[in-house]
Peer 1: 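First, the structure itself, so that you have it in front of you.
In the text below, chain A, chain B and the rest are named by the order of the sequence lines, each starting its count at 1.
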Amino acid sequence: MIINGVHIDETFAEAFPMRATRVIITAQNHKWAHHAAQAMTGFATSVIACGCEAGIERELDPAETPDGRPGVAVLLFAMGGKGLAKQLETRAGQCVLTSPTSALFAGLDEGEQIPLGKNLRYFGDGFQISKRIAGKRYWRVPVMDGEFLCEETTGMIKAVGGGNFLILAESQPQALAACEAAIEAMRRIPNVIMPFPGGVVRSGSKVGSKYKTLPASTNDAFCPTLKGQTRTELSPEIESVMEIVIDGLSDADIARAMRAGIEAACGLGAANGIRRISAGNYGGKLGPFLFHLREIMG
Amino acid sequence: MTALSFTLKSPLRQRLDVSPLVPDLLLGKAPKEIAALDLQYGNRRIAAAELFDIEGDDAESVRISGSPKLDFAGRGMARGSLIIEGDAGAYAGMHMKGGYLCVSGSTGLYAACELKGGIVEICGNAGDLLGSALPGNKKGMSEGIVIVRGDAGDRVGDHMRRGSILIEGNAGMYLGARMTAGTIAVRGRVGACAGYAMRRGTLLLYGSPVAIGATFNDCGLHTLGFLPLLLKGYQGLNTCFSDPQARRLRVRRLAGDLSVQGKGEILLVA
């Protein structure tokens, strides 16, 4: 399959089950909602070493938020429920509770309920106040700029992590330009995040390493500078490869996002040095979700 | 289907317990069974058909013509709607768990007492002890919403535990006395001793009360984030408290009653 001169490999991205939750952060304005959300989702690129994968899903208008203020929706993913609950609590406590004017609400009603303000309330040292509004419980925690308002719990559901595709280009700037176009298109798709910096990851990894302590190491088959040293997947004209990793609330969400991203990258086409779209997989052994590129783009 | 209507044949001479006339107990009953329902009337039992003209067939929507002697309207109801056309007596909405009770006139003592859920709307005035605990009990209203379009008497929300009471007129003395939690909002004036011995909970007062107890301490003027959310929660209810314009409130926060737990608050709208 070739789109605008870009070859779509006959391969698939391989994804695995995760647990996910959504929270809504509101603040006096979008600037401060983003400050809290960026801090909360910082160092949350990969569960390999971060504990969770998190990102800003989208910006919310005041009409869409529970308290009628500007806000952002944040998605968090982890390998299990316990880990997700721990990460959520830690990050909410350190990054949202501390952020001026912020309030924190559940972004999912369905699924198993995990603590949001349930334990954070103890920061109030006995001065915290509970309020039950329209069937939901909230905590008012006194803080120095007023009150931190936080919903008691949020929903946790089964989700999918690790959806991905690779953009292979003739140069590093061209690969990055294609990634930026892809990310811009993918950010319009609901229920997904691209957790790496700017949505892009350059360090695609393979399972294992020659060093026994490492569970993963650089994906040498896609490293352009190793073309002559290893069993490469790259043709001579490929000088740079970048990956976009997607976590979604469902496999359908990931497929939608992949299609939007690949379309945007291919929009730049071979004329701009974009030569191939491929995907990362481990022969189907990593997880049950397979995203065949040609099916998605078909 | 039309609402199941009970129209009084003549004015009541004794107090009448209408607690069996709720959707939960009327659903599935044949017209003959409904007509034969035994009601407590003064010191004797009497068939419903002797007191009421009964029409209609939709037991999810019940209408009863009102009287100040009509007690226990909607007692324990959990579903459907019950409209009292006119006044109701004491204990309207007592122990109600769900559904909608509307009294187009006024109610007597203990309306919505120990309410456990649902919505109670009183278009006229409410008597004393609205949403309170029954004598000797320590748990008043524990869930649900009560709307009073007129005035309410003394001791509104005594021992109240959760839920909201919204009074569009004035309220009497001892508003929210001994409250454990919940919210009472009053648009008009309130009498003396508001929040007396309240442990937790919120009194949201739009008109200044006669006097604030010495055991309430001033915490200053604030814009509290939970208030817009709280008032948004009343959206869809026919009340002035759900007015979107009224949501950005600036309030003076008085913490108390410090003679007891002191985690309650009186919020005076500035």
Side-chain angles (χ1 to χ4, degrees), chain A residues 23-29 32-33 36 60-71 96-107 109 116-117 120-122 124-152 154, chain B residues 98 117-119 141-145 160-164 166 179-185 198-204 217 219-237 241-242 244-251 253 255-256 258 261-267:
Chain A
V23 293
I24 292 168
I25 301 170
T26 65
Q28 185 175 282
N29 51 39
W32 283 98
L60 302 170
D61 288 332
E64 297 177 280
T65 63
D67 64 354
R69 298 193 302 166
V96 187
L97 166 69
T98 55
S99 181
T101 76
S102 71
L104 186 59
F105 304 99
D109 287 330
L116 196 57
L120 288 184
R121 65 173 152 142
Y122 293 116
D125 202 24
F127 295 105
Q128 68 273 19
I129 296 172
S130 161
K131 271 285 160 204
R132 208 174 157 91
I133 300 169
K136 293 179 175 179
R137 196 179 199 194
Y138 299 86
W139 286 99
R140 296 164 55 196
V141 181
V143 283
M144 294 197 302
D145 79 338
E147 280 184 346
F148 171 56
L149 181 64
C150 189
E151 199 166 330
E152 165 112 329
T154 184
Chain B
I119 297 169
M141 172 177 165
S142 60
E143 198 66 85
I145 296 175
M160 179 176 173
R161 193 171 183 79
R162 206 179 292 134
S164 297
L166 311 175
M179 258 175 103
T180 316
T183 304
I184 304 176
M198 73 188 288
R199 299 168 74 82
R200 291 194 302 268
T202 303
L203 302 183
L204 178 62
N217 278 4
C219 298
L221 275 167
H222 300 282
T223 306
L224 299 172
F226 89 98
L227 274 174
L229 197 67
L230 180 81
L231 298 177
K232 195 178 166 188
Y234 306 137
Q235 210 166 21
L237 300 173
F241 293 99
S242 62
Q245 300 301 319
R247 286 186 202 155
R248 289 280 165 208
L249 298 179
R250 191 137 171 86
V251 293
R253 182 173 188 269
L258 298 166
Q261 200 176 13
K263 287 188 72 178
E265 62 187 356
I266 298 178
L267 303 178

Peer 1: Decide if atom CD of A:Glu64 counts as having more than 12 heavy atoms of other residues, nucleotides or ligands within a radius under 6.0 Å.
Peer 2: yes
Peer 1: Testing the basics here: between A:Ile133 and B:Leu229, what is the closest heavy-atom pair and its distance to 0.1 Å?
Peer 2: CG2-O, 3.6 Å
Peer 1: Among residues at least two apart in sequence or on other chains, which ones pass side-chain contact (heavy atoms from CB on, under 4.5 Å) with A:Ala134?
Peer 2: none
Peer 1: Chain B: which of A:Ile129, A:Thr101, A:Thr26 shares the most heavy-atom pairs with it under 4.5 Å?
Peer 2: A:Ile129
Peer 1: For the atom pair SG (A:Cys150) and CZ (B:Phe226), what is the distance rounded to the nearest 0.5 Å?
Peer 2: 15.5 Å
Peer 1: Is it the side chain or the backbone of B:Ser164 that comes within 4.5 Å of chain A heavy atoms, both, or neither?
Peer 2: neither
Peer 1: Return yes if some donor-acceptor pair links the side-chain N/O of A:Lys131 with the main-chain N/O of B:Gly201 below 3.5 Å, else return no.
Peer 2: no
Peer 1: Can you see which heavy atom on A:Arg132 is nearest to which on B:Arg162, and at what distance?
Peer 2: CD-CD, 3.1 Å
Peer 1: Please state whether the side chain, the backbone, both or neither of B:Thr183 comes within less than 4.5 Å of a heavy atom of chain A.
Peer 2: both
Peer 1: Which atoms form the tightest heavy-atom contact between B:Lys232 and A:Thr65, and what is the distance?
Peer 2: NZ-O, 3.1 Å
Peer 1: Who wins among A:Arg69, A:Arg140, A:Glu147 for the most heavy-atom pairs under 4.5 Å with chain B?
Peer 2: A:Arg140
